[in-house]
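Computed from heavy atoms alone, side chains included, the values below leave out hydrogens, waters and symmetry copies. Numbering of ligands and ligand atoms starts at 1, following listing order.
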Amino acid sequence: MELAGKHIVLGVTGGIAAYKAAELVRLLLGEGASVQVVMSEAATHFVTPVTFQALSGKPVFTDQWDPRVANNMAHIDLSRAADVLLVAPASADFLAKLANGLADDLLTTLLLARDCRLLVAPAMNRQMWENPATCRNLATLRDDGIEILGPASGEQACGESGPGRMLEADEIVAAVVAHFQPRLLADKRVLLTAGPTFEAIDPVRGITNLSTGKMGYAIARAAHEAGAEVTLVSGPVSLPCPRGVRRIDVLSALEMHAAVHREVAANDVFIAVAAVADYRPARPVGQKIKKGAQARPPAIELVHNPDILAEIAALPQPPLCVGFAAESENLHAYAESKRRSKRIPLIVGNLIDDGFGGDDNTLILFDEDGQQALARAPKLQLARQLVARIAALLEKRQ
Ligand code: C5P
């Protein structure tokens, strides 16, 4: 329930993506928000107000002169009640009106009267999106402090392909959730590793581990929500990249090592969450090893992989380095000795039984001031607490 107690006014304007706004209402309610839908007249040609009324449990507003409103000031009442205003889909015509301060219907009027943040998710044909007039309007809206969500690129309802597709409903919900997080890492750059690595034995086989990447991806999302520019160097996992995060895909520890060294300059924070294989086969074979080709099972000689975290921490001017210690026993002793041997200010300990692969976890943060236990919680919530600790350490360093 990421939006419990929040009231969202959702504007729906005229475009075929209006059908996706129905799903958006459902997801917002699922996160605990209350939703008041306001439609432009054009939007009602795509989806009827009855659909949104049934989903939101509230009568939908479409008309500036709605006789239900006793004081005739629906625009003020609606905008004052909102914790955030969201328009999805936002048509090209709507963006043009918004950029120019027009207020010729209920939606544009209540937005002009706003005293809270406004997020808009554009949706239109690719050529309308690329039209210089739309580009000018967008620049004005950004200057006015309006957050533009997307659009995505891909196949469009008109049959063409390109930029202009509205973000999916779950991506818009993630943006609304992010909007309510404190901007603890504004203007900071964060580099992370996440997931397992895969060390090839031959073209189809390799050594890997059971890391799912969930903790690392949750931290990447939390850092982005906190305002950081985030780069995520990810081993092979089956998770979607968090919105707004730049992901670099790698397979082996050596690829992860190279990507981190290439990216690390100018980052304020490096968080090593990946379960990097300690060893790799010394001589991966170019062709698939055939069963029974040798009298005995093949022996695989292993060599050490570089310790990425220790190397980054040993740079002349390292970013603030954070490590992870997943242990099956003696967590306190192992985590603290790892922190000292790798010379890093903060290490995050967790017992493998507590959270490996799952959606919840229990963490203990070890730094030079001692330890702080984070009670069992979903990984995203723990990630936000970790981000707050990192922000405090960054402040202390300055
Ligand atoms: O030494 P150990 O593997 O237990 O340390 C775990 C921490 O070090 C994790 O933060 C992990 O991401 C990082 N690490 C690394 N490169 C390695 C091994 C571990 O960055 N080769």
For the residue pair Asp359 and Lys379, establish whether any side-chain heavy-atom pair is separated by less than 4.5 Å.
no
Please work out whether any backbone atom (N, CA, C, O) or any side-chain heavy atom from C-beta onward of Ala253 is under 4.0 Å from ligand 1, and answer side chain, backbone, both or neither.
neither
Residue-level breakdown please: for Ile308 versus ligand 1, do any non-hydrogen atoms fall below 4.0 Å on the side chain, on the backbone, on both, or on neither?
both
Please list the nearest protein heavy atom to atom 20 (O) of ligand 1 with its residue and the distance rounded to 0.1 Å.
Leu309 N, 2.9 Å
Got a salt bridge between Arg384 and Glu2, using NZ or NE/NH1/NH2 to carboxylate O under 4.0 Å?
yes
Atoms in ligand 1 flagged as close to Gly323, the criterion being non-hydrogen separation under 4.0 Å
10 (O)
For atom 18 (C) of ligand 1, what is the nearest protein heavy atom, given as residue, atom name and distance?
Val276 CB, 3.8 Å
What's the shortest distance from atom 3 (O) of ligand 1 to any protein heavy atom, and which residue and atom give it?
Asp278 OD1, 3.9 Å
Considering heavy atoms of the protein only, find what lies nearest to atom 10 (O) of ligand 1 and give residue, atom and distance to 0.1 Å.
Ala272 O, 2.6 Å
Is it the case that Asp105 and Thr108 place a side-chain donor and acceptor less than 3.5 Å from each other?
yes
Electrostatic pair Arg142-Asp144, nearest N-O below 4.0 angstrom:
no
Do the side-chain N and O atoms of Asn125 and Glu160 include a donor-acceptor pair separated by under 3.5 angstrom?
yes
Short side-chain donor-acceptor distance under 3.5 Å, Glu311 and His261
yes
Side chains of Lys6 and Val84 in contact at under 4.5 Å (non-hydrogen atoms)
no
Got the closest protein heavy atom to atom 2 (P) of ligand 1, with its distance?
Lys342 NZ, 3.5 Å
Whether Arg340 engages the ring of Phe366 as a cation-pi pair (distance to the six-membered ring centre under 6.0 angstrom, angle to the ring normal within 45°) should be assessed.
no
Counting both backbone and side chain atoms, is some N or O of Lys338 under 3.5 Å from an N or O of ligand 1?
yes
Should one rank Phe324, Tyr279, Tyr334, Phe270 by closest heavy-atom distance to atom 9 (C) of ligand 1, which comes out on top?
Phe324
Atoms of ligand 1 less than 4.0 Å from Ala274 heavy atoms?
11 (C), 12 (O)
Is ligand 1 less than 4.0 angstrom away from at least one heavy atom of Ala325?
no
Would you call Asp307 a ligand 1 contact, heavy-atom distance under 4.0 Å?
yes
Residues Arg247 and Tyr217: side-chain donor-acceptor under 3.5 angstrom:
yes
Using distance alone, determine whether Pro306 and ligand 1 share an N or O pair under 3.5 Å.
yes
